[in-house]
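Numbers here simply count residues along the sequence, with the first being 1. Bear in mind the structure is a predicted one, so any value in this text is a computation, not a measurement.
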Amino acid sequence: MGKWSGGSFVSFIMNMMLGSICSMLIGFIVGLVAKNQMGATALTVPLGLVLSLLPMLSSFNTSIEKIAKITYSQQISYLISKPSLRMYTLEQGAIIGINLLLVFIIFFSVYRKQFREV
């Protein structure tokens, strides 16, 4: 586990949990919107590529970093690369929190709409 100890390990686990929760909710949304498994795959692959490749591409291009900075995946990437509790800023927390809130709102609205029609 990267030879982390104490607070760094706790920070790593918390950051991974936040990223996983956001990603799972996005997966739930895709599952609710898609008509079948092939449709879900067609939606999931582009979303997954964007969310996973933006942090990597932003390290090569500052223009992409400006765009990627508002995504939770970029902020989680920042936090994992420097897993110290001191490195966690209010801006990172706000961006991750806003992303999580938006994904929750979208999930619940899609969920309610999906099961109102049944």
**Student:** Hydrophobic clustering (ILVMFWY, side-chain heavy atoms < 4.5 Å, transitive) - are Tyr111 and Val103 grouped together?
**Tutor:** yes
**Student:** Scan residues 16-26 for pairs that pass side-chain hydrogen bond (donor to acceptor under 3.5 Å, both in side chains), counting only residues two or more places apart or in two chains.
**Tutor:** Ser23-Tyr72
**Student:** In Å, rounded to the nearest 0.5 Å, how long is the span from CG of Leu47 to CD1 of Ile29?
**Tutor:** 9.0 Å
**Student:** In this structure, are over 12 heavy atoms from other groups packed under 6.0 Å from Met14 atom CE?
**Tutor:** no
**Student:** Would you give the length of the straight line joining atom CZ of Arg112 to atom CZ of Arg116, rounded to the nearest 0.5 angstrom?
**Tutor:** 5.0 Å
**Student:** Taking Phe28 as the starting point, is it possible to reach Ile105 by hopping between hydrophobic residues whose side chains are less than 4.5 Å apart?
**Tutor:** no
**Student:** Hey, what do you get for OH (Tyr78) to CD1 (Ile95), rounding to the nearest 0.5 Å?
**Tutor:** 8.5 Å
**Student:** In chain order, what residues pass the side-chain contact (heavy atoms from CB on, under 4.5 Å) check against Ile70, with sequence neighbours excluded?
**Tutor:** none
**Student:** Do Leu100 and Leu25 have side chains that get closer than 4.5 Å, going by heavy atoms?
**Tutor:** yes
**Student:** Report yes or no: do Leu53 and Val45 belong to one cluster of Ile/Leu/Val/Met/Phe/Trp/Tyr joined by side chain heavy-atom distances under 4.5 Å?
**Tutor:** yes
**Student:** Look at the side-chain heavy atoms of Ile, Leu, Val, Met, Phe, Trp and Tyr, link any pair under 4.5 Å apart, and say whether Val50 and Ile64 land in one connected group.
**Tutor:** yes
**Student:** Identify the heavy atoms of Val33 and Val110 that sit nearest to each other, and give their distance.
**Tutor:** CG2-CG1, 3.9 Å
**Student:** Taking side chain as C-beta onward, heavy atoms only, is Ile26 less than 4.5 Å from Phe107?
**Tutor:** no
**Student:** For Gln75, which residues count as a side-chain hydrogen bond (donor to acceptor under 3.5 Å, both in side chains) partner, sequence neighbours excluded?
**Tutor:** none
**Student:** What distance do Leu18 atom CG and Asn99 atom CG have between them, rounded to the nearest 0.5 Å?
**Tutor:** 11.0 Å
**Student:** Taking atom CG of Asn61 and atom CE of Met56, what is their separation to the nearest 0.5 Å?
**Tutor:** 12.0 Å
**Student:** Taking atom CG of Leu90 as the centre, report whether more than 12 heavy atoms of other residues, nucleotides or ligands fall under 6.0 Å from it.
**Tutor:** no
**Student:** Scan for side-chain hydrogen bond (donor to acceptor under 3.5 Å, both in side chains) pairs involving residues 41-60, sequence neighbours excluded, and state none if there are none.
**Tutor:** Ser58-Gln74
**Student:** Report the residues that fulfil side-chain contact (heavy atoms from CB on, under 4.5 Å) with Phe108, sequence neighbours left out, ordered by chain and then residue number.
**Tutor:** Phe104
**Student:** Can you list the residues that meet the side-chain contact (heavy atoms from CB on, under 4.5 Å) rule with Ala40, with sequence neighbours excluded?
**Tutor:** Val30, Ala34
**Student:** Looking at CD1 of Ile96 and CG of Leu101, how far apart are the two atoms once the value is rounded to the nearest 0.5 Å?
**Tutor:** 13.5 Å
**Student:** Do Leu79 and Leu54 belong together in a cluster built from hydrophobic side chains that touch within less than 4.5 Å?
**Tutor:** no
**Student:** Which heavy atom in Leu51 sits nearest to a heavy atom in Ser73, and how many Å separate them?
**Tutor:** O-OG, 2.8 Å
